[in-house]
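This report refers to the structure that appears directly beneath it.
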There are 2 protein chains.
Amino acid sequence: MTARSTSETARDIPEATVARLPVYLRALNTLADDEIRTCSSEDLASAAGVNSAKLRKDLSYLGSYGTRGVGYDVDYLRYQIAREIGVTQDWPVVIVGIGNLGHALANYSGFRSRGFHVVALLDADERRHGEHVAGVLVRPFDDLEAIVAEQGVAIGVIATPAAAAQDVADRMVTCGITSVLNFAPTVIAVPDGVDVRKVDLSIELQILAYHEQRKAQL
Amino acid sequence: MTARSTSETARDIPEATVARLPVYLRALNTLADDEIRTCSSEDLASAAGVNSAKLRKDLSYLGSYGTRGVGYDVDYLRYQIAREIGVTQDWPVVIVGIGNLGHALANYSGFRSRGFHVVALLDADERRHGEHVAGVLVRPFDDLEAIVAEQGVAIGVIATPAAAAQDVADRMVTCGITSVLNFAPTVIAVPDGVDVRKVDLSIELQILAYHEQRKAQL
DNA sequence: CTCGGTTTGTTCCCACGTTCACAAACTCCT
DNA sequence: AGGAGTTTGTGAACGTGGGAACAAACCGAG
Ligand SMILES: NC(=O)c1ccc[n+]([C@@H]2O[C@H](COP(=O)([O-])OP(=O)(O)OC[C@H]3O[C@@H](n4cnc5c(N)ncnc54)[C@H](O)[C@@H]3O)[C@@H](O)[C@H]2O)c1
Ligand SMILES: NC(=O)c1ccc[n+]([C@@H]2O[C@H](COP(=O)([O-])OP(=O)(O)OC[C@H]3O[C@@H](n4cnc5c(N)ncnc54)[C@H](O)[C@@H]3O)[C@@H](O)[C@H]2O)c1
């Protein structure tokens with residue numbers, strides 16, 4: 001929508017590519033763990049479960065980081081992708097709604113290992129306050145503003161019931177959060193400039209059911 | 001890929017539309033709860049968070065279920081979408097890996113209320129066996145084949161660590177499961193005819209981080 | 001019955017994404 | 001140094017999806 005203003009490295013990476021870069025990064029990490037130092041686009045593509053032409057085009061949006069006739073240096077490419085995504089720095093995250101799902105999320109080790117850091121767990125129910133989950137204290141939801149201001153939090157996770165999700169999102173946006181990951185099964189409205197992604201288990205299952213039903217019709 | 005063979009109602013609903021139908025269904029359920037009996041495409045579109053032209057086009061793939069000048073009958077449309085997706089019937093589901101996440105999933109009430117039914121919880125760790133989660137017994141992973149055969153399970157959920165996911169998927173496929181929902185942060189390979197959908201928390205966060213970083217660059 | 005107002009279903013067009021295919025660029029062997 | 005073999009980066013063709021716009025269809029009033 002907005003034209004590139006400065007003459008800087010004005011990259012414009014397609015959204016579909018952005019969504020695959022983390023997959024490539026993970027595949028590269030796996031290769032690095034196996035002490036593989038170089039890989040072809042074919043190798044990496046099959047590890048990531050995509051077409052190799054697509055992979056090469058995706059990587060070409062970042063720059064020319066491969067060597068023709070040779071392939072890609074695993075560590076170098078890993079760093080370039082991590083830098084592009086923005087996970088060379090550490091992102092503070094707050095989780096709101098520490099019920100069944102919130103506990104699982106708080107305990108999830110994949111957070112920290114990938115550039116994210118849970119700085120606060122918040123819940124409206126005072127019976128949950130004081131509990132520690134994965135070493136982090138569960139605090140009142142009303143502490144949100146103070147924590148976001150103090151820690152410079154930009155990313156919030158919503159794991160409350162659907163009925164509370166819009167209110168929680170509004171509070172988050174008001175106090176400066178500009179990226180929201182929503183697990184509640186409801187559409188939340190946010191102003192321009194705020195990104196929302198949703199994770200919806202029952203939608204995923206329903207999509208599977210649709211295809212399952214079609215298979216059964218043959 | 002395959003041409004329509006019979007002259008039956010050979011629908012060919014675009015994948016993007018299939019992914020939105022559950023959202024419409026949920027929006028319709030909310031309207032019905034509020035005792036709204038009729039709605040326009042504009043109403044439903046805003047409840048679902050999409051463009052009204054897109055909504056109308058999506059619905060047109062199912063048939064002509066609206067009335068020009070009037071709108072859609074909420075209950076009727078609800079039923080038509082549910083039938084199209086395949087959630088008028090009840091789908092048995094098995095969950096494998098009853099750790100942090102598996103517990104949350106097993107406790108999730110949104111399962112049953114949307115046409116899915118957890119028939120078994122399986123885990124390889126025998127210390128977990130015998131426990132009941134949401135009224136369902138945790139059983140040995142080796143019971144998989146028997147359960148799938150007995151109950152006609154077509155959908156499996158993987159909530160094990162990444163290292164075990166491919167093995168679990170292979171076992172599922174071998175015993176007849178044709179739809180897999182994978183929560184483990186790894187790409188799993190399956191034969192043609194088997195659908196896999198993945199839910200990946202850290203990928204979602206990384207996508208948010210990318211956009212967050214771009215915002216910060218201004 | 002007719003007319004004005006409303007809303008759907010669909011057509012047309014554009015943007016985005018995917019895949020093929022190949023020239024360019026590199027390595028290695030002789 | 002030259003040539004064969006390999007692999008990247010990208011141009012071009014194709015397919016899918018999104019949105020504006022409008023004719024067709026319906027309702028209700030008079
Ligand atoms: N459990 C799952 O596997 C699962 C799967 C998919 C989606 N979800 C969705 O995730 C959400 C959470 O699920 P859950 O099973 O953890 O529910 P839960 O009821 O166990 O937990 C919800 C928590 O949110 C807190 N809460 C309620 N209102 C709040 C508010 N206004 N501000 C702050 N905290 C508030 C509650 O006190 C509670 O601790 C639900 O929307 C659910 O539909 C859950
Ligand atoms: N916890 C989260 O919020 C979260 C979020 C995103 C993704 N994930 C992913 O979901 C998966 C599960 O996470 P978790 O936190 O529940 O882990 P967990 O370690 O708590 O639970 C894993 C369970 O799987 C069982 N298991 C291991 N190997 C098995 C096998 N071969 N067959 C059957 N069961 C087996 C283990 O006994 C354990 O009970 C992991 O891959 C994790 O990366 C978790």
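Below, chains carry the letters A, B, ... as their sequence lines are ordered, and counting in each starts from 1. Fair warning: this is a prediction, and the values are worked out from it, not measured in the lab.
A search for ring-ring contact (aromatic ring centres under 6.0 Å, His included) contacts involving A:Tyr76 returns A:Tyr65, not counting sequence neighbours.
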Pairs of donor and acceptor atoms involving the side chains of residues 17-27 of chain B, under 3.5 Å and at least two apart or interchain, shall be tabulated with distances.
from	atom 1	to	atom 2	distance (Å)
B:Thr17	OG1	B:Asp58	OD1	2.7
B:Arg20	NE	B:Tyr24	OH	3.3
B:Arg20	NE	B:Asp58	OD2	2.7
B:Arg20	NH2	B:Asp58	OD1	3.1
B:Arg20	NH2	B:Asp58	OD2	3.3
B:Tyr24	OH	B:Asp58	OD2	2.5
B:Arg26	NE	A:Pro185	O	3.1
B:Arg26	NH1	A:Asp200	OD2	3.2
B:Arg26	NH1	A:Ser202	OG	3.3
B:Arg26	NH2	A:Asp200	OD2	2.2

Under 3.5 Å, side-chain donor or acceptor atoms of residues 158-173 of chain A against the rest of the protein: list the pairs with distances, not counting sequence neighbours.
from	atom 1	to	atom 2	distance (Å)
A:Gln166	OE1	A:Ala189	N	2.9
A:Gln166	NE2	A:Asp170	OD1	2.9
A:Gln166	NE2	A:Ala189	O	3.0
A:Arg171	NE	A:Glu145	OE2	2.8
A:Arg171	NH2	A:Asp142	OD1	3.0
A:Arg171	NH2	A:Glu145	OE1	3.4

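For residues 31-47 of chain B, no residue pair satisfies the salt bridge (Lys or Arg N to Asp or Glu O under 4.0 Å) rule, not counting sequence neighbours.
As rounded to whole Å, 14 Å separates atom C1' of D:dG15 from atom CG of A:Asn51.
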What are the atom names and distances for every N/O pair under 3.5 Å that joins the protein to nucleotides 8-12 of chain D?
from	atom 1	to	atom 2	distance (Å)
D:dT8	OP1	A:Ser41	N	2.5
D:dT8	OP2	A:Ser41	OG	2.6
D:dT8	O2	A:Arg68	NH1	3.4
D:dG9	OP1	A:Tyr65	N	3.4
D:dG9	OP1	A:Gly66	N	3.0
D:dG9	OP2	A:Tyr72	OH	2.7
D:dG9	O4'	A:Arg68	NH2	3.1
D:dG9	N7	A:Arg56	NE	2.9
D:dG9	O6	A:Arg56	NH2	3.1
D:dG11	O6	A:Lys57	NZ	3.4
D:dA12	N6	A:Lys57	NZ	2.9

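A:Asn51 contributes no side-chain N or O that, together with a main-chain N or O of A:Leu55, makes up a donor-acceptor pair within less than 3.5 Å. At distances below 3.5 Å, not a single donor-acceptor pair connects side-chain atoms of A:His117 with backbone N or O atoms of A:Val93. No side-chain donor-acceptor contact under 3.5 Å links A:Trp91 to the backbone of B:Leu208.
When side chains are defined from C-beta on, A:Lys198 does not count as touching A:Ile188, because their heavy atoms never get closer than 4.5 Å.
When DNA chain C is scanned 5' to 3' for any atom under 4.0 Å from a heavy atom of chain A, the first and last hits are C:dG17 to C:dT27.
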